[in-house]
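First the proteins, then the strands, lettered A, B, ... as listed; each starts at 1.
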Protein chains: 2
Amino acid sequence: MPYDPSAFPPFAVTVDLVVLTVRRHALCALAVRRGEPPFQGRWALPGGFVRADEDLSQAAARELAEETGLCAHGPAAPAQDNGAHLEQLATYGDPERDPRMRVVSVAHLALAPDLPAPRAGGDASNARWAPVEELLQQGGYGRDGEPMAPLAFDHAQILADGVERARSKIEYSSLATAFCPSEFTVGELRRVYEAVWGVALDPRNFHRKVTGTPGFLVPTGGTTTRQGGRPAQLFRAGGATLLNPPMLRPEV
Amino acid sequence: MPYDPSAFPPFAVTVDLVVLTVRRHALCALAVRRGEPPFQGRWALPGGFVRADEDLSQAAARELAEETGLCAHGPAAPAQDNGAHLEQLATYGDPERDPRMRVVSVAHLALAPDLPAPRAGGDASNARWAPVEELLQQGGYGRDGEPMAPLAFDHAQILADGVERARSKIEYSSLATAFCPSEFTVGELRRVYEAVWGVALDPRNFHRKVTGTPGFLVPTGGTTTRQGGRPAQLFRAGGATLLNPPMLRPEV
DNA sequence: GTGTTTATCGTCAGGAAGACGACTATGATC
DNA sequence: GATCATAGTCGTCTTCCTGACGATAAACAC
């Protein structure tokens, strides 16, 4: 078929972000309140249009910086540089997903260490970290007693897919360190796994496992007592990105 | 921001397909020859524009049917129904990836049993199954001595990503059965793993492993000698989609 | 000091996987 | 028909990993 601009329908292309972090032992996602219709006043995932001269990953990194100030790095993550991990998640293109027009959204997944309060165009009341289970439950009430409407558009599905990706990916990759500050203890890393998977892990077996996996953790020599109790060794993320053997998520 | 159609740039959205199969002990992909510029005469992945009222997965299934006649089913695959497995792979949106205009392509991965010769709009000379290593090598010569130009657009990258997805996914899912006919032997399944991974596997350990994984294989009661040698039991794919424990890809 | 908390080391039993021997049941060849 | 080649299937043995859990260590609160 020759080139004919009328031969294909025009689409709007957006990026939406599932930004995850661990706060107070819970897996949380960044949500922003919509200021305009459709779904005005409802919570949604941050995102925006891809610009004409931008790659998809560039657009995602730009949106991430606008919403959180984080500097992104790609899936082939180098050692911890205090930026966020960013990778493409999936693309959502149901013809009915946006009532205004045909929008295809390329969702991205970002993993970040615990951060100060989010900003959404400088307006803190319109952005927040919320536990993912709170965002995903239908028709419940939030921690502040406010009735929780479901997320706008198909963002509940996107969030669920992002959470599932994160849950499975920390099994066989060193991605869990993306939730930690640049230096962290084995216990802090264990609490990340416990928060993301929602299970309790044996501290002794976990310690043996992560310290025994080559390339996962590199000791810095320092220690800390910020968690209370006996001082713990500090580590930073090692060069390995794939864990062999993988961490095993307990059954059920 | 209020709804303003001029506020976002228009994109063309396409689906491209990585269709994989195993033929003659080699992992092969479906390639079609381009009939028009750009990249006229070069090999490319099959694909086409998403229609105005179509979901992305619908568009991918339609393209797959047009190129191969296969009926697709989704990632939550039911028991083997002789259709192809189809899942979304990733989305490619570099501003320069198509010289004509801004095109975002949602690549999909399809896995199919060995098939009769492909058809591309009824023209067999413009479609073929080619070993993936042949399609991915730069500047070599094909099996027929014809010089091999690289695949059109960024299709070499898409194909490489699809192959890597298939290689890793047969580790922890029962997807390898999507390469087999509805009834198959343990040896045939092993040859699928060997072709996709490009390694030799121990027949005895492989047999113990797959027959011992609950839900992976169910015996049909029949036997076959189509591979020569002692008759082998026939199986069909069981209900399990995730393998626990996973198959282990041997180290390099 | 005593108790609490967290970190870290060690032990032991059960299971999974790699290496590989042995046996079985076909078709092909002489 | 005997022999051989080819595949398939069952066992064994050793090694490694994991889960369960006891024990010790080093901080802080009182």
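The distance between atom OH of A/Y193 and atom P of D/dT18, rounded to the nearest whole Å, is 12 Å. If you take CG of B/L189 and C1' of D/dA7, they are 15 Å apart, rounded to a whole angstrom. With rounding to whole Å, B/F235 atom CZ is found 11 Å from D/dG8 atom P. One atom, CG of B/N244, and another, C1' of D/dT18, lie 13 Å apart when rounded to the nearest Å. Atom NE2 of B/H207 is separated from atom C1' of D/dC10 by 9 Å (rounded to the nearest Å). Spacing between atom CZ of A/F206 and atom P of D/dG19 amounts to 12 Å, rounded to whole angstrom units. Atom CG in A/L243 sits about 14 Å away from atom P in D/dC17, given to the nearest Å. Here the P atom of nucleotide D/dT6 and the CD atom of B/Q227 are 14 Å apart, to the nearest Å.
Within the 3.5 Å criterion, the main-chain N or O of B/P113 finds a donor-acceptor partner in the side chain of B/T21. No donor-acceptor distance shorter than 3.5 angstrom exists from the side chain of A/S173 to the backbone of A/L242, with no hydrogens or angles considered. In this structure a side-chain-to-backbone donor-acceptor pair under 3.5 Å is missing from B/W197 to B/R249.
With sequence neighbours excluded, the residues that form a side chain to side chain contact (heavy atoms under 4.5 Å, CB included) with B/A44 are B/R34, B/A152, B/H155. Partners of B/L136 according to the side chain to side chain contact (heavy atoms under 4.5 Å, CB included) rule, which considers only residues two or more places apart in sequence or in another chain, are B/A156, B/L159, B/A160.
Contact annotation for A/R226: no contact, since no heavy-atom pair falls under 4.0 Å across all strands.
With DNA chain C read from its 5' end, the first of the two nearest nucleotides for A/R191 and B/P246 is the one closest to A/R191.
Screening residues 204-218 of chain A for side chain to side chain donor-acceptor pair (under 3.5 Å), with sequence neighbours left out, gives A/D202-A/R204, A/N205-A/R208.
Remark: A/E133 CD is loosely packed, at most 12 non-hydrogen atoms of other residues, nucleotides or ligands lying under 6.0 Å away.
For the residue pair A/Y92 / A/D161, a side-chain donor-acceptor distance below 3.5 Å is found, with atom types taken as modelled.
Nucleotides of DNA chain C lying under 4.0 Å from heavy atoms of chain A occupy a range whose first and last members, 5' to 3', are C/dT5 to C/dT11.
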Check: How does protein contact run along nucleotides 23-30 of chain D, one letter per nucleotide 5' to 3', with B for base contact, S for sugar-phosphate only, - for none, heavy atoms under 4.0 Å?
Finding: B-BBS---
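Proximity of A/C28 to A/R128: side-chain heavy atoms (C-beta onward) are nowhere separated by under 4.5 Å. Within the 4.5 Å cutoff, side-chain heavy atoms of B/E87 are placed close to those of B/H85.
In this structure, A/F206 has its ring center under 6.0 Å from that of A/Y193.
The stretch residues 208-221 of chain A touches DNA chain D through A/R208, A/K209, each having a heavy atom under 4.0 angstrom from the strand.
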